[in-house]
2 protein chains.
Amino acid sequence: MSIAEALASTIGADRVARDADALNARRYDQWAVKHLRDWRGEDVPAPGCVVRPQSALDVQKVVKLAAEKRVPLIPFGLGSGVCGGIEPTPDAILLDMSSMNRVRYIDEGDLLAGFDAGLNGMEAEEAVAAHGLTIGHWPQSIAISSVGGWVATRASGQFSTAYGNIEDIIHSIEAVLPNGELVTLGKAVRAAAGPDLRHLLMGAEGTMGVITGVTFSLREKAPHRDYSIFYADDMRAGFEVQRRIVRADWRPPVMRQYDGREVRRLFRDHERDGKAMLLMVHEGPKARVEAELAAMHEICGAAGLEAGDPMAAKQWIEKRNHVPSWRDMFQRGYVADTVEISGRWSEIGAIYDASIAALNEIPGVINASAHSSHVYRSGINLYFSFAATFEDSAKMEPAYFAGWRAIMEATAKNGGGVAHHHGAGRLRKPYLHHDLGDSGVALLRRVKQALDPEGIMNPGNLIPDA
Amino acid sequence: MSIAEALASTIGADRVARDADALNARRYDQWAVKHLRDWRGEDVPAPGCVVRPQSALDVQKVVKLAAEKRVPLIPFGLGSGVCGGIEPTPDAILLDMSSMNRVRYIDEGDLLAGFDAGLNGMEAEEAVAAHGLTIGHWPQSIAISSVGGWVATRASGQFSTAYGNIEDIIHSIEAVLPNGELVTLGKAVRAAAGPDLRHLLMGAEGTMGVITGVTFSLREKAPHRDYSIFYADDMRAGFEVQRRIVRADWRPPVMRQYDGREVRRLFRDHERDGKAMLLMVHEGPKARVEAELAAMHEICGAAGLEAGDPMAAKQWIEKRNHVPSWRDMFQRGYVADTVEISGRWSEIGAIYDASIAALNEIPGVINASAHSSHVYRSGINLYFSFAATFEDSAKMEPAYFAGWRAIMEATAKNGGGVAHHHGAGRLRKPYLHHDLGDSGVALLRRVKQALDPEGIMNPGNLIPDA
């Protein structure tokens with residue numbers, strides 16, 4: 001009996017797809033490289049079969065079968081990943097979580113909502129919004145990503161500076177471990193009951209198990225919102241002001257700082273002499289928002305920043321969830337990507353300069369720019385964009401990987417962290433040792449070996465080989 | 001060669017103590033049970049030797065030797081633990097971290113400070129306070145606990161509702177793993193670079209390795225502080241108001257709610273008809289503190305709470321770090337302890353009622369009371385106190401464990417989490433399955449087995465036996 005037949009007899013033939021259309025549709029997620037290869041007519045492998053579980057019990061059955069037969073199992077949410085987190089092969093089962101898409105419950109009193117892992121993020125948000133609540137997690141991908149994917153990749157949302165990243169929003173995680181056991185981790189609102197095991201699954205990108213359900217701790221929709229815009233002479237001047245704002249214990253939910261190139265590209269009507277632009281959204285009780293806004297003008301003004309037109313921030317709010325089409329770009333002769341990293345305040349200026357310089361040295365690169373979008377007490381992220389153009393499309397893939405290498409190495413060399421919020425996948429795997437050190441990578445391998453001794457869970461992803 | 005001789009030749013004879021005074025002084029931490037047994041003249045075992053490393057390299061040498069000889073190794077910070085996290089035996093090495101007590105660095109720009117793990121918490125706080133900064137972590141034990149102990153036990157401070165618990169304050173952890181490897185986890189200000197491995201050590205209470213250094217992300221000392229006091233008819237009415245405050249996105253750093261018994265015992269001058277008292281400390285930029293205070297009066301007033309004298313909160317600030325002496329209590333005929341748990345808003349009232357009722361059913365119990373002290377969007381903690389009195393001191397220990405059992409079971413039965421911030425130790429080990437489930441406990445065991453296959457690290461602590 002083939003593995004597909006065994007799966008069909010275990011969870012139902014209608015849950016197992018082997019037709020070419022179904023398999024081809026699951027050859028990639030949003031990782032640019034796979035789209036580039038496909039667009040160029042190169043071979044992009046498909047999985048051997050696609051399984052669509054309807055319940056955690058279904059997932060347990062599939063995992064147990066995969067473990068028994070030692071067949072690779074690749075969890076797939078809604079396919080918004082951009083770092084090579086999945087790489088189907090004909091010997092693998094792709095576990096398509098999109099049929100597990102129920103809202104399990106919304107508890108308005110306890111501000112908790114439970115969802116199946118495969119539920120679309122915007123649908124989850126809309127479900128709680130109907131109760132005047134919000135998850136408070138707004139990744140750019142919200143309309144095309146799953147709530148389980150947010151957790152599996154340790155995602156960040158656009159309002160993270162006040163509302164936190166996914167690890168601050170998650171309450172509990174339900175998951176099937178590689179041995180087929182179902183765990184629910186995170187019973188308490190906060191616990192000192194041994195290591196917080198939720199963190200074994202958060203960010204594991206399918207290598208430690210399959211997330212089947214998530215519970216988030218919600219917020220009331222903010223009663224009041226306001227916007228502010230300030231211009232800084234350059235990125236370093238802007239970073240310094242953001243540092244002062246957070247140091248003074250202000251936490252505007254959205255703090256974004258675009259370099260001059262991005263202001264020109266994204267905010268043409270609001271360009272000002274090539275300066276960097278700091279865009280903020282302020283939310284909460286009206287009196288606090290007013291106090292915050294006054295403080296922003298005071299802090300920014302004292303640092304010599306010029307106030308701008310808050311309309312630019314409203315414009316951003318409206319367009320913020322746009323996700324580009326890779327194939328349109330290839331067609332127009334471009335290969336491009338975005339790369340997010342982080343750095344402490346003292347090093348972020350050097351990371352910015354070194355990364356932009358390194359990108360610009362790559363033949364074919366016609367744009368290298370960045371903005372920041374997530375702020376912490378001790379530092380900030382940067383979100384680089386780069387684009388290269390070639391007449392010969394065969395040159396695109398090498399330039400793509402050269403762009404990534406440039407940013408990863410410039411970041412690591414200057415002390416930064418190589419992965420802020422898109423996850424690691426196969427793309428960052430060669431650079432992970434910069435963050436973890438060799439002994440940290442060895443520790444990660446040891447944990448993987450303990451949880452998944454057969455190595456069936458998303459093999460090849462994330463964890464550097466020994 | 002004995003293990004002590006081997007240790008002496010490895011890290012220096014002056015770092016290895018075997019004299020009776022040194023061994024006897026390390027028979028216990030602050031766990032009431034060991035003090036009770038000692039006070040009653042029962043045998044309380046001492047470790048076989050006490051080792052005082054001066055560096056992470058020393059710790060590596062000790063761990064490697066212990067692993068090679070398969071000798072139990074018990075990390076010991078400054079001994080403020082209250083849950084049976086250490087239980088020395090004559091065959092064990094006690095690793096006394098108190099000589100690793102340096103401030104490694106304070107970076108005012110990046111708001112980071114690195115400390116040796118054995119440094120006293122108050123000394124760490126005073127070191128950063130000299131720069132106008134604060135760690136923002138104020139456990140009641142701050143004057144007698146170590147910064148590494150805060151991390152090893154997943155501690156909370158009194159200002160946690162705004163400033164977070166230790167997991168929100170930690171930047172990086174340096175630790176020696178059971179195989180002797182040194183890891184530094186937490187390079188980035190935030191990362192999506194695989195599972196956050198810091199969480200394997202946070203809360204592990206010495207079972208997964210030895211924390212040798214910690215780096216915290218600091219805050220600027222708040223420029224303004226104010227206080228408020230409100231009275232609620234009962235605990236449930238107070239919980240409901242705290243729920244509304246946090247739901248409206250206010251986060252006073254300190255929110256404490258005492259039941260009528262504790263108001264009478266701790267705030268005699270501020271007692272009001274047996275009502276519960278909500279005590280808050282507000283900190284931050286002046287305009288925000290004023291807005292927050294106004295909102296508190298509005299929210300509390302709308303719920304029918306009466307405002308009280310803020311002097312009660314100032315009084316708490318002054319006395320808050322008092323730690324009781326168990327032996328004084330035994331001498332006066334009492335056995336007592338405090339037990340912290342957590343619950344969602346919908347269940348915390350039932351947990352309070354059921355725990356108090358169960359405590360009062362235990363023969364000899366003369367006080368059962370509680371206050372809350374840490375608030376989250378979806379729930380809150382409770383910190384129970386109980387005391388029992390007996391003429392025959394042999395009855396004290398059974399009553400002590402009966403009190404714990406009463407609260408653990410009442411909490412779990414009503415859906416709460418059995419451990420908020422003191423850690424688990426041997427005291428909560430029998431109840432850990434309530435939080436983690438059987439499959440979660442099995443997962444914890446699997447991780448322990450992977451990191452510490454010889455089982456040398458603090459054996460018997462935390463992790464329920466298979």
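Each chain gets a letter, A, B and so on, in the order its sequence line appears, and its residues count up from 1.
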Under 4.5 Å from any heavy atom of chain A - which part of B:Leu444: both
Salt-bridge contact B:Asp110-A:Arg377 (side-chain N to carboxylate O under 4.0 Å): no
Engaged part of A:Asn179 at the chain B interface, taking heavy atoms whose separation is under 4.5 Å: side chain
Region of B:Leu432 that comes under 4.5 Å of a non-hydrogen atom in chain A: side chain
Chain A contact via B:His374 - which portion, at a heavy-atom distance below 4.5 Å: neither
Under 4.5 Å from a heavy atom of chain A, the part of B:Leu182 involved: backbone
Under 4.5 Å from a heavy atom of chain A, the part of B:Glu181 involved: side chain
Residue pair B:Leu185, A:Leu443: steps toward the side-chain contact (heavy atoms from CB on, under 4.5 Å) verdict: CA-CA 10 Å; B:Leu185 302 169; A:Leu443 173 59; 4.1 Å; yes
Short side-chain to backbone donor-acceptor contact, A:Arg219 and B:Asp249, under 3.5 Å: no
Minimum-distance pair of heavy atoms, taken over all atoms of A:Leu462 and B:Ala193: CD1-C, 4.4 Å
Backbone N/O of B:Gly417 and side chain of A:Arg190: donor-acceptor pair under 3.5 Å: no
Side-chain donor or acceptor of B:Lys187 paired with backbone N/O of A:Leu436 under 3.5 Å: no
Residue part contacting chain A, namely of B:Ala294, when any heavy atom lies under 4.5 Å: neither
Main-chain N/O of A:Pro195 paired with B:Arg154 side-chain donor or acceptor, under 3.5 Å: no
Closest non-hydrogen atom pair between B:Leu112 and A:Ser378, with its separation: CD2-OG, 3.2 Å
B:Ser346 versus chain A, the contacting section by heavy-atom distance below 4.5 Å: both
Side chain / backbone / both / neither for B:Ile380 at chain A, heavy atoms under 4.5 Å: backbone
Any donor-acceptor pair under 3.5 Å from B:Arg446 side chain to A:Leu451 backbone: no
Atom group of B:Ile341 that falls short of 4.5 Å from chain A, counting heavy atoms: neither
A:Glu220 versus B:Ala248, closest heavy-atom pair with distance: OE1-CA, 4.4 Å
Side chain, backbone, both or neither of B:Arg243 within contact of chain A (heavy atoms, under 4.5 Å): side chain
